[in-house]
Protein chains: 2
Amino acid sequence: MEQAARRSTIADVARAAGVSKAAVSFAFNTPERLSAETVSRIREIATTLEYRPDPVARMLAQRRTWTIGILTPQGLDVIFTNPYFGEFTAGVATAAEAAGLAIQFISPLHGSLTRAVDRASVDGIITVGLGADHPEVGQIRRSGLPFVVVDSTGLPDEPAIEVDDEGGARLAAEHLVGLGHRDFLVIGIEPPSATSGLEPAGVTARRLRGYDAGVAAAGLHLTEDDMVVGPASMEGGTDAFRRAWAAGARPTAVLVMSDAMAIGAMHAARDLGLRVPEDVSIIGYDDVDVAQFTDPPLTTVHQPIRQKGEEAVRLLLAGGRHRDEGSLEQQLLETRLVVRGTTARAPRGRGEVVDDGR
Amino acid sequence: MEQAARRSTIADVARAAGVSKAAVSFAFNTPERLSAETVSRIREIATTLEYRPDPVARMLAQRRTWTIGILTPQGLDVIFTNPYFGEFTAGVATAAEAAGLAIQFISPLHGSLTRAVDRASVDGIITVGLGADHPEVGQIRRSGLPFVVVDSTGLPDEPAIEVDDEGGARLAAEHLVGLGHRDFLVIGIEPPSATSGLEPAGVTARRLRGYDAGVAAAGLHLTEDDMVVGPASMEGGTDAFRRAWAAGARPTAVLVMSDAMAIGAMHAARDLGLRVPEDVSIIGYDDVDVAQFTDPPLTTVHQPIRQKGEEAVRLLLAGGRHRDEGSLEQQLLETRLVVRGTTARAPRGRGEVVDDGR
DNA sequence: ACGGTCCACTAAACCGGTTTGCTAAACCGC
DNA sequence: GCGGTTTAGCAAACCGGTTTAGTGGACCGT
């Protein structure tokens with residue numbers, strides 16, 4: 001991929017029009033500083049010369065790139081095929097487009113996220129799923145770039161967008177308890193890399209706490225031991241359910257932390273001869289678009305995914321301050337239960353009986 | 001979003017180290033031009049000063065942005081939520097990452113694709129679903145930027161990646177004909193904007209021709225009149241099927257040009273009380289990941305989506321020339337039929353009988 | 001002692017724009 | 001006709017790097 005053919009520059013236009021470079025710049029950016037005739041003459045010449053200001057030179061001179069970055073610890077290949085990320089990004093894109101901003105994805109470059117951050121030319125960054133105490137967030141903080149963290153509790157006084165993960169998870173568990181379920185399996189999202197286990201500020205930990213709070217009404221207690229984790233994809237869900245089954249788990253209800261995984265788990269359950277929801281209830285998380293289109297439609301916890309994206313850029317543009325002037329910089333969005341077709345009353349006479357047999 | 005705090009520049013490092021700016025530059029880019037001690041001294045000072053080369057300044061000086069653009073006529077919000085695009089982009093991202101390149105999305109800015117192209121700072125462009133005769137492609141061609149067109153026949157001698165759309169479609173139709181179907185509905189992808197109708201070089205037209213060729217064996221003929229179109233999303237598919245049904249169509253088989261739409265159509269069919277595949281067979285196109293996870297799993301035409309993305313960047317990097325030196329610049333990738341669970345023998349005694357009654 | 005090579009490094013031009021004084025002419029009221 | 005204000009446009013600095021041409025000194029063989 002070699003260089004583009006030589007294109008006309010601002011100097012060419014200036015020469016052709018017999019004016020200074022400054023005048024050409026004015027003609028496009030602040031035409032009111034020039035007489036009307038001069039402006040139109042310069043513009044005409046620019047058109048015939050097919051002049052187009054070099055965006056990079058402009059960025060350097062203005063020290064603005066008109067671009068915001070989305071920072072994720074996962075690789076781009078998983079981002080783009082994950083419906084949750086897709087919808088989140090769509091939200092970001094919508095708000096960015098409205099503000100005339102481009103978006104750039106910042107994800108590990110040759111395995112190094114730090115390097116990727118260094119190479120990114122952006123005016124601000126939205127981090128998603130990255131704890132405020134992660135080294136890369138520290139790197140951004142030191143660099144002085146404005147940023148907003150999403151899906152991870154921010155440091156106090158730093159802008160963040162969160163949803164009520166715990167509350168939503170509790171609703172899900174309570175729903176199943178109400179249907180008579182007592183044998184649960186939790187399918188969780190694997191932490192991005194094997195850095196640490198369950199960070200308490202992480203999404204996975206928060207949702208697990210919510211599930212646990214929900215089953216407490218039935219006198220039950222859920223811990224990491226009742227959970228199997230995997231990547232947040234359909235394959236990941238299939239695989240997680242199979243592993244749990246192979247390890248002897250015989251739940252009547254499965255609490256899944258992502259819709260994609262829930263769809264995969266449903267598939268795996270059916271492969272094993274289980275009917276959904278008659279034999280096993282499954283409840284997802286996120287309420288992505290596709291959740292309405294599964295068969296039966298997926299019961300899940302709704303969170304305003306696109307809205308998160310839009311709010312994140314608003315917050316970024318506002319410099320961390322809220323629209324209603326000076327209010328808190330941390331925003332907690334609501335979640336709610338959406339009951340559709342994958343949950344039903346617990347099958348009778350199970351739970352106590354079969355749990356170890358084979 | 002104001003400017004970042006002042007960061008140290010190459011001049012600061014040079015001053016602190018008592019060397020010239022050039023030396024600092026060399027220390028990072030061509031260390032062999034300096035003595036080992038000098039290099040390490042400069043690097044140390046750079047580290048303590050938290051120096052990080054400004055990527056924009058570097059781009060300007062090198063006249064390379066290390067970025068490739070993906071140009072689509074659709075808005076980013078539809079791109080990111082469309083599984084086909086997601087997988088294609090994942091392919092691009094994989095190959096780009098390997099080459100140390102970032103990717104940037106170029107899509108209509110405030111409604112203007114031309115403006116978006118002007119503002120993009122990229123070294124090369126991959127256009128997807130945009131005819132080689134479109135004005136924006138002309139714009140790119142004139143600008144001298146290398147580019148590759150995907151999903152649209154390129155001009156001769158211009159690099160392009162295509163799949164055998166027509167052949168795949170034919171396979172799909174033949175499969176259904178072989179199962180005894182005679183009453184077809186085609187659900188097509190709506191052209192990006194209302195620019196023109198069916199351009200013969202477009203994906204939709206090619207697939208339609210393939211379907212038509214496939215049913216020809218049964219003495220049938222398919223035209224645009226047998227087709228209903230909509231946006232390439234699940235909702236689009238649901239909507240399209242409903243419209244067709246409301247207009248009196250009573251097909252025993254539906255040929256859908258996108259998996260997302262096929263899933264939507266399946267949903268709509270069931271809402272209308274139809275069983276899939278007993279009452280109506282449905283066949284998609286693309287074989288996106290989710291196609292394996294529908295219930296029943298979707299019969300569809302496979303195309304190598306990710307591979308298209310990877311090949312596109314390879315071709316771009318090779319400057320349009322193929323790896324095996326000098327061969328043709330146009331690549332035609334294969335499609336194949338994947339029979340899963342949404343197609344079955346045509347229901348008996350239908351077709352001739354019910355077609356108008358109610 | 002001398003010209004020639006190498007080595008390690010520097011000075012300055014350059015990339016292509018924006019922006020900040022500044023100036024010359026036009027315009028103004030009186 | 002004169003000081004004061006606008007207006008229209010220019011020259012030059014600047015953004016922060018890369019890259020080219022060049023320089024001074026050490027080293028070398030004779």
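Every chain is numbered from 1 and lettered A, B, ... according to where its sequence line falls, protein lines coming before strand lines.
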**Student:** May I ask you to verify whether the side chain of B:Arg58 and the base of D:dG16 hold a donor-acceptor pair under 3.5 Å?
**Tutor:**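 Not at all, since no donor on one side and acceptor on the other fall under 3.5 Å apart.
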**Student:** Output the rounded distance in Å from CE (B:Met59) to C1' (D:dG17).
**Tutor:**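 Taking atom C1' of D:dG17 as the reference, CE of B:Met59 is at 12 Å.
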**Student:** Expressed in angstrom and rounded to an integer, what is the separation of B:Trp66 atom CH2 from D:dT18 atom P?
**Tutor:**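 Nearest whole value for this atom pair: 12 Å.
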**Student:** Looking at D:dC10, C:dC15, D:dG17, which one has an atom nearest to any side-chain atom of A:Ala23?
**Tutor:**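 Selected nucleotide: D:dC10.
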**Student:** Between C:dG17, D:dT18, C:dC9, which nucleotide has the shortest distance from any of its atoms to the side chain of B:Leu34?
**Tutor:**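 Nearest listed nucleotide: C:dC9.
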**Student:** Is the ring centre of A:Tyr84 less than 6.0 Å from the ring centre of B:Phe80?
**Tutor:**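 Here the rings of B:Phe80 and A:Tyr84 have centres that are no less than 6.0 Å from each other.
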**Student:** Round to a whole Å and report the spacing from CD of A:Glu32 to C1' of D:dG9.
**Tutor:**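 Spelled out: CD on A:Glu32 to C1' on D:dG9 is 14 Å.
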**Student:** What salt bridge (Lys or Arg N to Asp or Glu O under 4.0 Å) pairs are there with at least one residue in residues 13-37 of chain A, not counting sequence neighbours?
**Tutor:**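 Residue pairs passing salt bridge (Lys or Arg N to Asp or Glu O under 4.0 Å), neighbours aside: A:Asp12-A:Arg15.
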**Student:** Of the options C:dT18, C:dG21, C:dA12, whose atoms approach the side-chain atoms of A:Asn29 most closely?
**Tutor:**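 My answer, after comparing the listed nucleotides, is C:dT18.
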**Student:** Please determine whether a side-chain nitrogen or oxygen atom of B:Ser20 lies at a distance below 4.0 Å from atom OP1 or OP2 of C:dT10.
**Tutor:**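 Looking at the OP1 and OP2 atoms of C:dT10, one of them is under 4.0 Å from a side-chain N or O of B:Ser20.
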**Student:** So which nucleotide from D:dG9, C:dT10, D:dT18 ends up closest to the side chain of B:Gln62?
**Tutor:**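 So the nucleotide nearest the side chain must be D:dT18.
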**Student:** Taking only residues two or more places apart in sequence or in another chain, which ones pass side-chain contact (heavy atoms from CB on, under 4.5 Å) with B:Ser112?
**Tutor:**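 With neighbours one apart ignored, the set is B:Thr114, B:Arg115.
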**Student:** For DNA chain C, whose closest nucleotide is more 5', that of B:Val19 or that of A:Ala22?
**Tutor:**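 It is B:Val19, whose closest nucleotide lies nearer the 5' terminus.
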**Student:** Would you call A:Glu162 and A:Lys308 a salt bridge, using N to O less than 4.0 angstrom?
**Tutor:**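 No, A:Glu162 and A:Lys308 are not salt-bridged.
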**Student:** Between the base of D:dG16 and the side chain of B:Lys21, is there a donor and acceptor pair under 3.5 angstrom?
**Tutor:**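 Side chain to base: no pair below 3.5 Å.
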**Student:** Side chain of A:Arg63: nearest nucleotide among D:dC15, D:dA12, C:dG16?
**Tutor:**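 Among D:dC15, D:dA12, C:dG16, the one nearest the side chain of A:Arg63 is D:dC15.
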**Student:** Base, sugar-phosphate, or nothing: which does B:Tyr51 touch, judged by heavy atoms less than 4.0 Å apart?
**Tutor:**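 Sugar-phosphate only.
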**Student:** Can you list everything that forms a side-chain contact (heavy atoms from CB on, under 4.5 Å) with B:Leu60? Sequence neighbours excluded, please.
**Tutor:**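 B:Leu60 satisfies side-chain contact (heavy atoms from CB on, under 4.5 Å) with A:Val56, A:Ala57, A:Leu60 only.
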**Student:** Ion pair present between B:Arg314 and B:Glu311, side-chain N to carboxylate O less than 4.0 angstrom?
**Tutor:**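 Between B:Glu311 and B:Arg314 there is a salt bridge, with a charged N closer than 4.0 Å to a carboxylate O.
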**Student:** Using whole Å, report how far CG of B:Asp54 lies from C1' of C:dC15.
**Tutor:**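 For the pair B:Asp54 CG and C:dC15 C1', the rounded distance is 13 Å.
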**Student:** Using a 4.0 Å cut-off on heavy atoms, which residues in residues 37-44 of chain B reach DNA chain C? List them by number, or say none.
**Tutor:**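 Contacting residues: B:Thr38.
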**Student:** Rounded to whole Å, please give me the gap between CD1 in A:Ile10 and C1' in C:dT19.
**Tutor:**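 Spelled out: CD1 on A:Ile10 to C1' on C:dT19 is 11 Å.
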**Student:** Considering every strand and a 4.0 Å limit on heavy-atom distances, what is the contact class for B:Val24: base, sugar-phosphate, or nothing?
**Tutor:**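 Since no nucleic acid heavy atom lies under 4.0 Å of B:Val24, the category is nothing.
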**Student:** Considering only side-chain heavy atoms of A:Phe26, which listed nucleotide, C:dT19, D:dG17, C:dT10, is closest?
**Tutor:**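 Among the listed nucleotides, the one closest to the side chain of A:Phe26 is C:dT19.
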**Student:** Can you check the B:Asp12 CG to D:dC15 C1' distance for me, whole Å?
**Tutor:**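 From B:Asp12 CG to D:dC15 C1': 13 Å.
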**Student:** Would you mind reading off the bend of the helix from C:dA1-D:dT30 to C:dC30-D:dG1 from its two end axes, five pairs each, to 10 degrees?
**Tutor:**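 The end-segment axes of the helix from C:dA1-D:dT30 to C:dC30-D:dG1 are tilted 40° relative to each other.
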**Student:** Apply the test salt bridge (charged side-chain N to carboxylate O under 4.0 Å, His left out) to residues A:Glu50 and B:Arg142: give CA-CA distance (whole Å), side-chain angles for both, the deciding distance (0.1 Å), then the verdict.
**Tutor:** CA-CA 9 Å; A:Glu50 288 188 318; B:Arg142 276 196 311 279; 2.8 Å; yes
**Student:** So does A:Arg306 pair up with B:Asp77, basic N to acidic O under 4.0 Å?
**Tutor:**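 Between B:Asp77 and A:Arg306 there is no salt bridge, as every charged N stays at least 4.0 Å from the carboxylate O atoms.
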**Student:** List the atom of A:Leu34, the atom of A:Ala27, and the distance in Å for their closest heavy-atom pair.
**Tutor:**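 Heavy atoms only, the tightest pair is CD2-N, 3.7 Å.
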**Student:** Rounded to the Å, how far apart are A:Phe28 CZ and D:dG9 P?
**Tutor:**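 Whole-Å distance recorded here is 15 Å.
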**Student:** Tell me whether A:Arg119 contacts the main-chain N or O of B:Pro55 through its side chain, where contact means a donor paired with an acceptor under 3.5 Å.
**Tutor:**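 It does not hold such a pair.
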**Student:** Would you mind reading off the distance between A:Arg7 atom CZ and C:dG16 atom C1', rounded to a whole angstrom?
**Tutor:**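 My rounded result for the distance is 10 Å.
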**Student:** What nucleotide, of D:dC15, C:dC9, D:dT19, holds the atom closest to the side chain of A:Ala61?
**Tutor:**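 Taking heavy atoms from C-beta onward, the closest nucleotide is D:dC15.
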**Student:** I want to verify a distance call: between D:dG16, C:dG16, D:dA11, whose nearest atom is closest to the A:Ala57 side chain?
**Tutor:**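 Ranking D:dG16, C:dG16, D:dA11 by closest atom to the A:Ala57 side chain puts C:dG16 first.
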**Student:** Who are the side-chain contact (heavy atoms from CB on, under 4.5 Å) partners of B:Ala61, not counting sequence neighbours?
**Tutor:**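 For B:Ala61, no residue satisfies side-chain contact (heavy atoms from CB on, under 4.5 Å) once neighbours in sequence are set aside.
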**Student:** For A:Ser35, which contact category applies under a 4.0 Å heavy-atom criterion: base, sugar-phosphate, or nothing?
**Tutor:**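 Answer is sugar-phosphate: A:Ser35 comes under 4.0 Å of backbone atoms only.
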